[in-house]
Amino acid sequence: MLHGNPEAVWKFYNTLKSNALTFHQTVVRLVSKLEFITGLGIALAESIGVDSFLNVQEKLGELIVQVESIKGLLHASEIVTQKDQFGMLTPSPIPLQTARNLGMRYYPRAIEILQQIGAGGYTQTPSTTVENSGEIRAYLETYYRGATVSASQKIKLFKVAWDIVGSPLGSRHELYERLYAGEASRMYALQYLASDKTALEKRLERFWTITEERRNEP
C-alpha cells in the first residue's frame with residue numbers, strides 16, 4: 001500500500017495514531033528484554049554467590065529500577081488515552097517517547113551490568129554441556145559447580161548470558177536498541193523541542209510573583 005509512495009509514508013509517519021501505536025509496541029518489546037536481562041542477572045549473581053555483595057546488589061537494583069521505570073511509563077500511556085474519530089483508544093505518545101529515549105541508554109547499561117556480574121566467568125565457560133562432556137564430566141561437575149546451582153545449570157546460565165553480552169546476535173541487539181529510533185542526543189533534543197513547556201514556565205513565573213509579593217509585604 002505504501003510502496004513507491006513517499007508522500008503516504010511521510011503522512012503515516014506524522015500521524016499521531018500511527019506513532020502512538022508504533023511507540024507502544026516498541027516499549028512493550030523493551031520491557032520484555034529488560035525483564036529477561038534482569039532475571040538473568042539475578043540468577044547469574046546467585047549462581048556464583050556474589051548477590052550478597054553491596055556493589056552487586058546496587059547493580060541488580062539498577063536493573064530493577066530500569067524495568068519499573070519503563071513499565072510505569074508504559075502503564076501511564078495506557079491510562080492517559082485518547083479516542084480518535086472512530087472511537088479507537090490511542091495510548092499517550094509522551095510517556096512512550098520518554099520510555100523510548102530512556103531505553104536507548106538503559107539497554108546498553110543493562111548489558112554492561114550483565115558483563116560486570118559475569119566478569120571473567122564468560123572466558124571460562126566450557127564449550128560443551130556437562131551432559132555431553134564425556135570423560136571430563138566428573139571434573140566439570142566438581143570444579144564448575146556454582147554456589148547455589150549445579151555445574152550444568154551454571155554453564156547454561158553463562159552460555160545464555162554470553163549470547164546477550166558477547167555474541168554477534170547480542171551485539172546487533174545492543175546496536176539496534178541504541179540507534180533504532182535515531183541518535184540519542186538528537187532524540188532527546190527532539191523531545192525537548194516538541195514538549196509543551198508552558199506549565200513549567202508558568203510555575204517559575206508564579207514563584208517569582210510570590211517571592212516579589214512577600215518581599216513587598218510590610
Side-chain angles (χ1 to χ4, degrees), residues 12-13 15-48 50-51 56-82 88-119 121-122 125 148-149 153-188 190-191:
F12 179 81
Y13 181 79
T15 300
L16 179 62
K17 185 198 304 184
S18 65
N19 278 337
L21 295 176
T22 300
F23 290 178
H24 186 271
Q25 65 86 18
T26 63
V27 176
V28 170
R29 183 199 70 236
L30 178 62
V31 169
S32 298
K33 295 175 78 169
L34 290 178
E35 284 181 333
F36 184 79
I37 291 175
T38 299
L40 182 59
I42 292 171
L44 205 65
E46 292 176 347
S47 75
I48 55 179
V50 298
D51 56 308
V56 176
Q57 292 173 349
E58 178 194 15
K59 290 179 174 61
L60 296 175
E62 185 177 346
L63 291 177
I64 292 172
V65 167
Q66 286 187 355
V67 170
E68 294 303 324
S69 297
I70 301 301
K71 284 171 62 177
L73 289 165
L74 178 64
H75 293 161
S77 76
E78 296 169 347
I79 293 172
V80 186
T81 56
Q82 302 173 348
M88 180 179 178
L89 286 176
T90 303
S92 174
I94 296 175
L96 293 174
Q97 184 59 43
T98 303
R100 277 159 51 95
N101 283 342
L102 287 175
M104 297 168 74
R105 294 178 177 174
Y106 274 6
Y107 190 83
R109 174 57 181 159
I111 298 300
E112 181 182 22
I113 290 174
L114 206 56
Q115 290 172 335
Q116 293 170 343
I117 292 174
Y122 292 117
T125 303
T148 59
V149 297
Q153 184 62 23
K154 181 183 172 185
I155 290 172
K156 289 177 182 177
L157 283 171
F158 270 87
K159 283 183 178 294
V160 171
W162 178 252
D163 280 344
I164 294 175
V165 306
S167 72
L169 175 63
S171 298
R172 287 196 297 272
H173 271 275
E174 181 183 356
L175 187 63
Y176 178 80
E177 294 299 343
R178 280 181 183 272
L179 298 170
Y180 80 95
E183 200 277 324
S185 60
R186 175 175 174 271
M187 298 311 297
Y188 272 67
L190 286 175
Q191 183 157 7

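For clarity, every value in this text was computed on a predicted model and none was experimentally measured. Values reported hereafter were calculated over all heavy atoms of this structure, with side chains retained and with hydrogens, waters and symmetry mates removed. FYI, the numbering just counts along the sequence from 1.
Within the 4.5 Å cutoff, side-chain heavy atoms of L21 are placed close to those of M88. Side chains of L157 and L40 form a contact here, defined as non-hydrogen atoms less than 4.5 Å apart. Inter-residue side-chain proximity for N19 and L96 is flagged as unmet; no heavy-atom pair is nearer than 4.5 Å.
With rounding to the nearest 0.5 angstrom, the CD atom of E62 is 3.5 Å from the CD1 atom of I113. The CZ atom of R100 sits 13.0 Å away from atom CG of L73, with the distance rounded to the nearest 0.5 Å. Between atom CG of residue L74 and atom OG of residue S69 there is a gap of 12.5 Å, rounded to the nearest 0.5 Å. The structure places CD1 of I37 at 12.0 Å from CD1 of I42, a figure rounded to the nearest 0.5 Å. E174 contributes atom CD, which lies 10.0 Å from atom CG of L179 (distance to the nearest 0.5 angstrom). Considering OG1 of T98 and CZ of F23, their distance stands at 10.5 Å, rounded to 0.5 Å.
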Pairs under 3.5 angstrom only: tabulate donor-acceptor contacts from the side chains of residues 163-173 to other protein residues two or more places apart or in another chain.
from : atom 1 : to   : atom 2 : distance (Å)
S167 : OG     : D163 : O      : 2.4
S167 : OG     : L169 : N      : 3.4
S167 : OG     : G170 : N      : 3.0
S171 : OG     : S167 : O      : 3.1
H173 : ND1    : K33  : NZ     : 2.8

For this session: Begin with the C-alpha distance, continue with both residues' side-chain angles, and end with the deciding distance and a verdict on side-chain contact (heavy atoms from CB on, under 4.5 Å) for R178 and Y107.
Result: CA-CA 8 Å; R178 280 181 183 272; Y107 190 83; over 6 Å; no
- prompt: Passes side-chain contact (heavy atoms from CB on, under 4.5 Å), T26 versus L30? Steps please.
  reply: CA-CA 6 Å; T26 63; L30 178 62; over 6 Å; no
Stepwise side-chain contact (heavy atoms from CB on, under 4.5 Å) test for T125 and I155: CA-CA 6 Å; T125 303; I155 290 172; 4.3 Å; yes
- Task: Go through the steps for R109 and E112 under the test salt bridge (charged side-chain N to carboxylate O under 4.0 Å, His left out), then give the verdict.
- Result: CA-CA 5 Å; R109 174 57 181 159; E112 181 182 22; 2.9 Å; yes
Worksheet item: Does the pair Q97 and M187 meet the rule for a side-chain contact (heavy atoms from CB on, under 4.5 Å), with working shown?
Response: CA-CA 9 Å; Q97 184 59 43; M187 298 311 297; 3.8 Å; yes
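Looking at every heavy atom in both residues, A45 comes nearest to L60 through CB-CD1, 4.0 Å. For the residue pair A20 and P91, the shortest heavy atom distance occurs at CB-O, 3.3 Å. Considering all non-hydrogen atoms of both residues, V67 and E35 come closest at CG1-CG, 3.7 Å. Contact detail for S77 and H24: the closest heavy-atom pair is OG-CD2, 4.0 Å. M104 and G182 get closest at one heavy-atom pair: CE-O, 2.7 Å. Shortest non-hydrogen contact noted between A161 and L44 is CB-CD2, 4.2 Å.
Cation-pi check for R29 over Y180 is met; the charged atom lies under 6.0 angstrom from the ring centroid and within 45 degrees of its normal.
A distance-only check finds a donor-acceptor pair linking the side chain of Q57 to the backbone of D51 [under 3.5 Å]. Side chain of Y188 to main chain of N101: a donor-acceptor pair is present (N/O by atom type, distance under 3.5 Å, no hydrogens or angles). In this structure a side-chain-to-backbone donor-acceptor pair under 3.5 Å is present from Q66 to Y106. Put simply, the side chain of S47 never gets that close to the backbone of V149: no donor and acceptor are under 3.5 Å apart.
Ring geometry for Y122 against F158 counts as perpendicular: the plane angle is over 60°, on a 0 to 90° scale with 30° as the lower cut.
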